[in-house]
Structure formats: C-alpha cells, structure tokens
Amino acid sequence: MDYTVLGPAISLGLGCIGSSIGCGIAGMASHAVMARVEEGHGKFIGMSALPASQSIYGFVLMLLMSGAVKEGSLSPENALGIGIFSGLALLFSSVYQGKCAASGIQAAAKQPAILGKTFAALGIVESFSLFAFVFALLLF
C-alpha cells in the first residue's frame, strides 16, 4: 500500500464526512420546516447546503498535499499530521455549521425577517474551516 496518499486522503475523507453530517442535520430541519410553511422553501434548502463547502476545502487540500508529497517538498509523515488535524477541523466545522443552519431555518420559519441575520453565525463557523484550510496550506 502506498502510504504517501494517506494524509491527503484523510483531509478529504474527514471533510466529506463532516459535510454529509452537517448537510444532513440542516436538511432534516429544512424538511420539517417546509412541511409547515407554504413558501420560501428555496432559502431553507440553500441554507441546508452550506456545510458542503468543507468538502471542497478537503478536496483542494488533498490535491495540493498529494502533489507536494510526490514532488518531495512535503514528507508523508507531515502530510499525515496535516491531513488528520485539518480534516478534523473541517469535520467539526461542518457539523456545527449544520446545527447552526438547522436553528437558523427553524428561527426563520417563525420570523422570516431574521433570515439574513442567521447567516452571521453560519459565516463565523465557516471561518474556522477557512482558517484550518489556509493554515494547512502554510504548513507545506
């Protein structure tokens, strides 16, 4: 087995696992709300898709890390460490972003005027995945 791809694969895998959990949490909330309200379903569906961005960060990290390992500028051991910890940051960020989206969806169903304000918490949680992404890039 080629262990040089382990770190890059972990960053992708953990990012995708977190995105699927986060989107699932928010998606369940959007389904519940759409059953109770007559209009505005698109905004709830859109909000439930926001945790998917962390899988994109994991994908980009996988590509860049695997290239750096192949060219020799990043050791497989360092890639493993970067992959594990950046992947965990992506995973937890997307799970909690899904929870924020779920509560935002429920709040906006009750008071539609606050929809835009609910995106502030989603952006704050997203920023931590961006920090992990950028800091991981700086490590190699």
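Taken together through direct or relayed side-chain contacts under 4.5 Å among Ile, Leu, Val, Met, Phe, Trp and Tyr, I84 and V5 form parts of separate hydrophobic clusters. F128 is connected to L138 through a chain of hydrophobic side-chain contacts under 4.5 Å among Ile, Leu, Val, Met, Phe, Trp and Tyr, so both are in one cluster. F140 and V69 fall within the same hydrophobic cluster, defined by Ile, Leu, Val, Met, Phe, Trp and Tyr side-chain heavy atoms under 4.5 Å apart, directly or through other members. No single ILVMFWY cluster, assembled from side-chain heavy atoms under 4.5 Å apart, contains both L88 and M62.
Here L50 is tied into one hydrophobic group with V33, M34, V37, F44, I45, M47, I105, L115, F119, L122, each link being a pair of ILVMFWY side chains closer than 4.5 Å.
Side chain of S55 to main chain of C16: no donor-acceptor pair is present (N/O by atom type, distance under 3.5 Å, no hydrogens or angles).
The side-chain heavy atoms of L14 and L90, taken from C-beta on, include no pair separated by under 4.5 Å. Residues L80 and I10 have side chains in contact (heavy-atom distance under 4.5 Å, counting atoms from C-beta outward). Using a 4.5 Å cut-off on side-chain heavy atoms (C-beta onward), L61 and L12 make no contact. Taking the side chain as every heavy atom from C-beta outward, I82 and L74 approach each other to under 4.5 Å. Residues S129 and Y57 form a side-chain contact, since some pair of their non-hydrogen atoms from C-beta on lies under 4.5 Å apart. Residues F135 and L139 fail the side-chain proximity criterion, which asks for heavy atoms closer than 4.5 Å.
P76 and T4 get closest at one heavy-atom pair: CG-CG2, 3.8 Å. Heavy atoms only, all atoms of each residue included: S93 and V125 are closest at OG-O, 3.1 Å. G27 approaches S48 most closely through the heavy-atom pair N-CB, 3.6 Å. Closest approach of S86 to S11, counting heavy atoms only: OG-CB, 4.0 Å.
The CD atom of Q106 sits 13.5 Å away from the CD atom of Q111 when rounded to the nearest 0.5 Å. To the nearest 0.5 Å, atoms SG (C23) and CE (M28) are separated by 10.5 Å. Atom CD1 of I25 and atom OG of S94 lie 9.0 Å apart (nearest 0.5 Å). To the nearest 0.5 angstrom, M65 atom CE is 9.0 Å from L137 atom CG.
Counted by atom type alone, S19 and Q54 present zero donor-acceptor pairs between their side chains at under 3.5 Å.
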Residue pair V60, F133: steps toward the side-chain contact (heavy atoms from CB on, under 4.5 Å) verdict: CA-CA 9 Å; V60 172; F133 175 69; 3.7 Å; yes
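Enclosure of atom CZ in F59 is not indicated, since only 12 or fewer non-hydrogen atoms of other residues, nucleotides or ligands lie within 6.0 angstrom.
Partners of S53 according to the side chain to side chain donor-acceptor pair (under 3.5 Å) rule, which considers only residues two or more places apart in sequence or in another chain, are E126.
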